[in-house]
Amino acid sequence: MTWNDSYFVWDPAQHGGAQTLRVGFLQMWKPDIMPYNDVGAFNPAKYKETVPITVNHLGEVLWLTPVRIETTCKMDVTAFPFDRHRCPVRVGSWQYRMDEVDIHCENSRFDLSSYKEHSQWKIRDTTCERLAESFQTGSFVSLLFTVEFERLNEFYVKNLILPNAVLLALSSLVFFLPSGMADRASFGITSMLAICVNLMVVTNYVPETSKTYPSICNYFIVSILLSAFSIIVSTMTMHLSDWTVKKGCGRSAYSGVAEEFVQGSFSCKRVAAVLDKILGTAYFVSTTVYSFGFVMYTKASAEYAANMMQVSA
């Protein structure tokens, strides 16, 4: 932060050629610049004993003090883990009017040359805007710093979405197992329970909010319903296959060659086997397309929401 102080102007020739000096935090006036949407972590006095203020003979003051700021930010996690956010940080003088203290942005973008990459977030854009507002007590000026960032989603895709897509596709194997196997239904139930466990894991990563509901939770809920549907349909085909033995599917008043043809070609067991293959293939294709479509749709929604934020800004 830099400002001009007319009380700190001198002629270097009259002071041994000294052009700059450093003074303590409490030894000169400082503007009361602070964040308006602070949530309690702002502490400007934390480094007052260790970081001095530099002043040159022209009255130009430079104060390079480190500070940590925590502010409020409205987050939309609908597109999690492909979500993007735009958080404003508004700073200004708390008591000085614009005719007393006027502040400006040095640059329209942040200097990120010394920025260290975060393991979960990526900064996409930064802006600085000067705002002037009038109140009953006078006109005040403030600076609006905006940071647009997106979540790094590779971890979530590989550890949450991809395993669920594989489990959902594997649940189609319930249709390809022999209808007489006792573990056929157990395999389907185990797959559904595995997806339920994945949903419980997802809730630990999703930010808790009631304003927006993450689409990934809907994805897992639909996956559970699809897995339950596969169990129900496979159970029905198992009963259809078993009906051949208990009820004598295809037996009627036919006799001779006609009875053998009906029992051989159109028996319920053969019909059930054909249905299993058709339903299994259709289920595998639909669940694979569903998982891939969810990822593409969520990414597209995040892109659209980010564009809308830029337009509204």
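- Between R109 and the options T127, D125, T126, a side chain to side chain donor-acceptor pair (under 3.5 Å) holds for only D125.
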Trace of the side chain to side chain contact (heavy atoms under 4.5 Å, CB included) decision for V61 with M28: CA-CA 10 Å; V61 184; M28 66 177 300; 3.9 Å; yes
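- Rounding to the nearest 0.5 Å places NZ of K30 at 5.0 Å from CD1 of I53.
- Two different hydrophobic clusters hold L162 and L152 under the rule that ILVMFWY side chains link at heavy-atom gaps under 4.5 Å.
- At a cut-off of 3.5 Å, with distance as the only test, a side-chain donor of S93 or D32 sits close to an acceptor on the other residue.
- Nearest approach of R97 to T137, heavy atoms of both residues: CD-O, 3.2 Å.
- Both L173 and V233 belong to a common hydrophobic cluster when Ile, Leu, Val, Met, Phe, Trp and Tyr are linked at side-chain heavy-atom distances under 4.5 angstrom.
- The closest donor-acceptor contact from the side chain of S234 to the backbone of I231 lies under 3.5 Å.
- Here the shortest heavy-atom pairing between L170 and F187 reads O-CE2, 3.4 Å.
- Hydrophobic clustering keeps Y219 apart from F292 (ILVMFWY residues linked when any side-chain heavy atoms are closer than 4.5 Å, directly or through intermediates).
- For the pair D102/R130, a side-chain contact is recorded, criterion being any heavy-atom separation below 4.5 Å from C-beta on.
- Between H15 atom NE2 and H57 atom NE2 the span is 12.0 Å, to the nearest 0.5 Å.
- Contact annotation: the side chain of V157 never approaches that of V295 to less than 4.5 Å [non-hydrogen atoms, C-beta and beyond].
- Here the CG atom belonging to L193 is positioned 11.0 Å from the CG atom belonging to L167, to the nearest 0.5 angstrom.
- Under a 3.5 Å cut-off, the side chain of D276 and the backbone N or O of L279 do not form any donor-acceptor pair.
- Side-chain contact between F176 and T281: present, with at least one pair of heavy atoms (C-beta onward) separated by less than 4.5 Å.
- Counting non-hydrogen atoms of other residues, nucleotides and ligands closer than 6.0 Å to CD of E133 gives a total above 12.
- The minimum heavy-atom distance between A18 and W10, with the atom names listed, is O-NE1, 2.8 Å.
- Formation of a donor-acceptor pair under 3.5 Å by the T287 side chain with backbone atoms of F284 is found in this model.
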Trace of the side chain to side chain contact (heavy atoms under 4.5 Å, CB included) decision for I216 with T298: CA-CA 9 Å; I216 191 172; T298 308; over 6 Å; no
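- Paired with Y96 under the rule side chain to side chain contact (heavy atoms under 4.5 Å, CB included), one option of V141, V101, I33, I103 passes, and it is V101.
- At most 12 heavy atoms of other shown residues, nucleotides or ligands fall within 6.0 angstrom of atom CZ in R22.
- Residues W3 and W29 form a side-chain contact, since some pair of their non-hydrogen atoms from C-beta on lies under 4.5 Å apart.
- Using a cut-off of 4.0 Å between Lys/Arg side-chain N and Asp/Glu carboxylate O, E303 and R84 are scored as salt-bridged.
- Using modelled atom types and a 3.5 Å distance limit, the side chains of Y290 and S223 yield no donor-acceptor pair.
- Using cut-offs of 30° and 60° for the angle between ring planes, the H85 and F149 rings count as tilted.
- Across every non-hydrogen atom of E129 and C105, the tightest pair is N-SG, 3.7 Å.
- The shortest distance between side-chain heavy atoms of P214 and V202 does not fall below 4.5 Å.
- Distance CG/L275 to CZ/F175: 10.0 Å, rounded to 0.5 Å.
- Placement of M296 and V166 in two distinct hydrophobic clusters is found when ILVMFWY residues are connected by side-chain heavy-atom separations under 4.5 Å, directly or transitively.
- Looking at R90 and L144, their side chains come closer than 4.5 Å, going by heavy atoms from C-beta outward.
- Scanning all heavy atoms of the two residues, the minimum distance from G280 to S172 falls at O-CB, 3.8 Å.
- Of all the heavy atoms in R124 and E150, the pair that sits closest is NH1-OE2, 3.1 Å.
- Between F145 and F110, the ring center distance clears the sub-6.0 Å criterion.
- Residues V289 and Y283 are members of separate hydrophobic clusters, defined by side-chain heavy-atom contacts under 4.5 angstrom among Ile, Leu, Val, Met, Phe, Trp and Tyr.
- Judged purely by distance below 3.5 Å, without hydrogens or angles, the side chains of S139 and S134 pair a donor atom with an acceptor atom.
- To the nearest 0.5 Å, atom CD1 of residue I221 and atom CG of residue L199 are 6.0 Å apart.
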Side chain to side chain contact (heavy atoms under 4.5 Å, CB included) between S191 and V174, intermediate numbers included: CA-CA 10 Å; S191 299; V174 72; over 6 Å; no
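- Counting heavy-atom neighbours within 6.0 Å of Y7 OH, excluding the residue itself, gives a total of 12 or less.
- The shortest distance between side-chain heavy atoms of M192 and I224 falls below 4.5 Å.
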Worked verdict on K299 versus N153 for side chain to side chain contact (heavy atoms under 4.5 Å, CB included): CA-CA 10 Å; K299 293 181 66 175; N153 51 61; 5.8 Å; no
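- The side chain to side chain contact (heavy atoms under 4.5 Å, CB included) test with V201 is passed by exactly one of N164, N159, L160: L160.
- Residues S142 and L131 have side chains in contact (heavy-atom distance under 4.5 Å, counting atoms from C-beta outward).
- Separating the CZ atom in F140 from the CD atom in E100 is a distance of 8.0 Å, to the nearest 0.5 Å.
- Taking the six-membered ring for Trp and the full ring otherwise, Y156 and F82 have centroids separated by 6.0 Å or more.
- Surrounding CH2 of W94 are at most 12 heavy atoms belonging to other residues, nucleotides or ligands under 6.0 Å away.
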